[in-house]
Amino acid sequence: MAGQLIVGLDVSSRARAEEIVSLLGDSVDFYKIGYQCFYGADGMALGKALLAAGKKVFFDLKLLDIDNTVEKGVAAIAETGATMLTVHAYPKAMRAAQKAAQGSGLCVLGVTVLTSMDDADVKDAGYARDAAGLVALRAQQAREAGIGGVVASAHEAEMVRTIIGSKMAIVTPGIRPAGADLGDQKRAMTPADALAAGASHLVVARPIIAAADPAAAAKAILAEMAGKRLSVA
């Protein structure tokens, strides 16, 4: 289960990120570096340090640009030895990313629809589909592009799994332990339910890094993932 839990280092200083990693110790071996950490906490250097320490790194950068720019950016990330990288799930971007990642150990993930978005948000963005319909379209396009997986809400994981098959990754953010505050997540799910729905990896940030005892919070989530309940008190 530990390899399926990705802890989001959504902090603005490298010192705090390293403190969290130290507190979590051997219980977590996979970390996500997103915008806040990448731009505000020297995230590239942090990622390389984590990789050198034997950890796995997921650079959540959601790349989207002209083909050549995406290709060059993905190639640069692939050279670090990172495990995962996100691009927006637009067909041309996914194809360019897969071309750059080919032959490396980098799993390119297409971001379908953000878990903070619901049907109204998708409509406001100009799409003539509901959130689930847009996720389905982009999952199909991700499979056709040959990338390693997708990022989707756990609420769409079961549907996505039927589209992309058993080999591609489904990485689900918006994971909240039973009884936790949802925050800005509109399509959240508990760890056990997300895995049961077909997710391969779960991204958890605030419920762990904002906890009084991050290590205990991580252990409780790992227990939930295994179908058990563990108090963090």
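Keep in mind that what you see is a predicted model, and the values were worked out from it rather than measured. The basis for the numbers below is simple: all heavy atoms, side chains too, and nothing from hydrogens, waters or symmetry mates.
By the 4.5 Å heavy-atom criterion applied to side chains, Y127 and V113 are not counted as neighbours. Considering only heavy atoms from C-beta on, L85 comes within 4.5 Å of L63 through its side chain. Residues I221 and M225 form a side-chain contact, since some pair of their non-hydrogen atoms from C-beta on lies under 4.5 Å apart. Here the side chains of M189 and S153 are not in contact, with every heavy-atom distance at 4.5 Å or above. Within the 4.5 Å cutoff, side-chain heavy atoms of I208 are placed close to those of P214. Considering only heavy atoms from C-beta on, M117 stays 4.5 Å or farther from L134 through its side chain. The shortest side-chain heavy-atom distance between R161 and I170 falls under the 4.5 Å cut-off.
In this structure a side-chain-to-backbone donor-acceptor pair under 3.5 Å is present from T86 to L61. Using modelled atom types, one side-chain atom of R143 and one backbone atom of I163 make a donor-acceptor pair closer than 3.5 Å. Side-chain N or O atoms of D119 include one that pairs as donor or acceptor with a backbone N or O of A131 at under 3.5 Å.
Nearest heavy-atom pair, K92 versus D67, reported as atom, atom and distance to 0.1 Å: CE-OD2, 3.4 Å. The two atoms that bring A157 and A199 nearest to each other are CB-N, 4.1 Å, heavy atoms only. Summarising the geometry of I147 relative to Q98, their closest heavy-atom pair is CA-OE1, 3.4 Å, with the distance given to 0.1 Å. The nearest pair of heavy atoms linking A205 to G8 is CB-O, 3.6 Å. Between L109 and M84, the shortest heavy-atom distance links the atoms CD1-SD, 3.7 Å.
By the side-chain hydrogen bond (donor to acceptor under 3.5 Å, both in side chains) test, E19 pairs with R16, sequence neighbours left out. Under the side-chain hydrogen bond (donor to acceptor under 3.5 Å, both in side chains) criterion, Y35 pairs with no residue, sequence neighbours left out. Residues that satisfy the side-chain hydrogen bond (donor to acceptor under 3.5 Å, both in side chains) test with R95, not counting sequence neighbours, are absent from this structure. Residues forming a side-chain hydrogen bond (donor to acceptor under 3.5 Å, both in side chains) with E144 (at least two apart in sequence, or on another chain): Q140. Listed by chain and residue number, F59, I77, T80, L106 satisfy the side chain to side chain contact (heavy atoms under 4.5 Å, CB included) test with A82 (two or more places apart in sequence, or in another chain). Shown here are the side chain to side chain contact (heavy atoms under 4.5 Å, CB included) partners of T162, two or more places apart in sequence or in another chain: there are none.
A side chain to side chain contact (heavy atoms under 4.5 Å, CB included) with I175 is found for exactly one of V203, L202, L5, L195, namely L202. Checking L9, V171, I6 one by one against K32, the side chain to side chain contact (heavy atoms under 4.5 Å, CB included) holds for a single residue, I6.
With values rounded to the nearest 0.5 angstrom, D121 atom CG is found 12.5 Å from D130 atom CG. Atom-to-atom distance recorded for L24:CG and Y31:OH is 4.0 Å, nearest 0.5 angstrom. One distance of note links OG1 of T115 with CD of E156; it measures 9.5 Å at 0.5 Å rounding. Atom CD1 of I209 sits about 12.0 Å away from atom CG of L23, to the nearest 0.5 Å.
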Go through the steps for R176 and R206 under the test side-chain contact (heavy atoms from CB on, under 4.5 Å), then give the verdict.
CA-CA 9 Å; R176 293 292 183 269; R206 277 171 284 185; 3.2 Å; yes
Before giving the answer on side-chain contact (heavy atoms from CB on, under 4.5 Å), spell out for M94 and V108 the whole-Å C-alpha distance, their side-chain angles and the decisive distance to 0.1 Å.
CA-CA 8 Å; M94 291 189 289; V108 174; 5.8 Å; no
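Sorted by first then second residue, the side chain to side chain donor-acceptor pair (under 3.5 Å) pairs that include residues 192-204, not counting sequence neighbours, are T190-D193. Residue pairs meeting the salt bridge (charged side-chain N to carboxylate O under 4.0 Å, His left out) criterion with at least one member in residues 71-82, sequence neighbours excluded: E71-K99.
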Check residues 38-58 and write down every donor-acceptor pair under 3.5 Å in which the side-chain atom is one partner and the other belongs to a residue at least two apart or another chain.
residue: K55; atom: NZ; partner: G25; partner atom: O; Å: 3.1
residue: K55; atom: NZ; partner: V28; partner atom: O; Å: 2.9

